[in-house]
Asks: 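Shown below is the structure under consideration.
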Amino acid sequence: MPSDAPAPAVWRVALPHSAAAVPIARALIRSVPASIDPDAGSGASVDSDTAELLTAELVANAVEHTPGDEPVELVVELLPTGWQVEVHDGDPAPPGDLSRPEPDSMPDPWQEHGRGLLLIRTLSLSCGHRTTERGKAVWFTLPSPARPVSDRAHS
């Protein structure tokens, strides 16, 4: 049954399996608010800043914790209520404590690493992972930056 609703916009970008992937991903994510709301311009919003941070964490984890030099893939999908960001990599192993943290899994505040998944769990509307034909996809969702904050409290 055909629908009159427009198909969601989806971007897929292959990123190098190196530290260079992180700034590339951040730059791509910065352009999403203008795609959602052309009047948003380049002004920073909490949602785009959060998306940029969380995307950088996912991409950095994919590069650091997966073997090989196959590219990682960044997928951004604009949904009617917000957006979903996924990072695909070639390792099918789950990404640690993303979905259900262990009771004593708080990161050591003195360590340089270990807070990425905590940030993703805390700052996103939802997050998780799924296996794919080539490994896994780790994802998070955020509300649309164009949607007023007062509306989000009632969703």
Side-chain angles (χ1 to χ4, degrees), residues 5-66 70-91 93-101 105-107 109 112-132 134-155:
V10 178
W11 290 274
R12 292 182 174 275
V13 179
L15 300 171
H17 196 278
S18 71
V22 175
I24 295 168
R26 290 181 82 110
L28 291 168
I29 288 297
R30 270 194 299 273
S31 69
V32 172
S35 299
I36 295 171
D37 179 7
D39 295 330
S42 61
S45 75
V46 173
D47 293 320
S48 61
D49 291 345
T50 301
E52 198 176 327
L53 171 66
L54 300 185
T55 300
E57 291 294 338
L58 286 186
V59 171
N61 282 350
V63 168
E64 183 176 342
H65 298 293
T66 60
E70 290 293 315
V72 296
E73 183 178 38
L74 174 64
V75 179
V76 180
E77 182 176 4
L78 301 182
L79 306 169
T81 59
W83 44 344
Q84 179 166 304
V85 176
E86 291 185 345
V87 174
H88 296 235
D89 64 52
D91 185 357
D97 61 354
L98 181 64
S99 301
R100 284 183 257 159
S105 67
M106 290 302 293
E112 193 172 308
H113 300 285
R115 291 178 212 63
L117 297 179
L118 173 64
L119 286 170
I120 293 165
R121 283 195 320 265
T122 304
L123 298 176
S124 66
L125 288 175
S126 58
C127 60
H129 70 279
R130 61 185 170 78
T131 57
T132 66
R134 298 178 134 175
K136 72 174 168 300
V138 184
W139 57 270
F140 66 85
T141 59
L142 291 174
S144 170
R147 192 169 162 204
V149 173
S150 61
D151 290 350
R152 292 183 207 145
H154 303 294
S155 329

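One-based numbering along the sequence shown.
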Asks: Working to the nearest 0.5 angstrom, can you tell me the gap between Asp91 CG and Glu70 CD?
Replies: 13.0 Å
Asks: Verify side chain to side chain contact (heavy atoms under 4.5 Å, CB included) between Asn61 and Val138, making sure each step is shown before the conclusion.
Replies: CA-CA 10 Å; Asn61 282 350; Val138 184; over 6 Å; no
Asks: For the side chain of Trp83 and the backbone of Pro143, is there at least one donor-acceptor N/O pair under 3.5 Å apart?
Replies: yes
Asks: Going by heavy atoms in the side chains, are Leu58 and Trp139 under 4.5 Å from each other?
Replies: no
Asks: Just verifying a value: how many Å separate Ile29 CD1 and Leu54 CG, rounded to the nearest 0.5 Å?
Replies: 9.5 Å
Asks: Minimum heavy-atom separation for Phe140 and Ser124, please, with both atom names.
Replies: CB-CB, 3.7 Å
Asks: Only one of Arg134, Lys136, His65, His17 forms a side chain to side chain donor-acceptor pair (under 3.5 Å) with Asp89, so which one is it?
Replies: Lys136
Asks: Do Thr55 and Glu52 touch side chain to side chain, with heavy atoms closer than 4.5 Å?
Replies: no
Asks: From Trp11 CH2 over to Leu74 CG, what is the distance, rounded to the nearest 0.5 angstrom?
Replies: 10.5 Å
Asks: Going through the distances and angles, do Glu86 and Glu77 end up as a side chain to side chain contact (heavy atoms under 4.5 Å, CB included)?
Replies: CA-CA 8 Å; Glu86 291 185 345; Glu77 182 176 4; over 6 Å; no
Asks: Treating Ser31 as the side-chain partner and Leu28 as the backbone partner, does any N or O pair qualify as donor plus acceptor under 3.5 Å?
Replies: yes
Asks: First locate atom CG of Leu117, then atom NE2 of His129, and finally report the distance between them rounded to the nearest 0.5 Å.
Replies: 10.5 Å
Asks: Can you tell me which residue among Thr81, Val85, Thr50 is in a side chain to side chain contact (heavy atoms under 4.5 Å, CB included) with Leu142?
Replies: Thr50
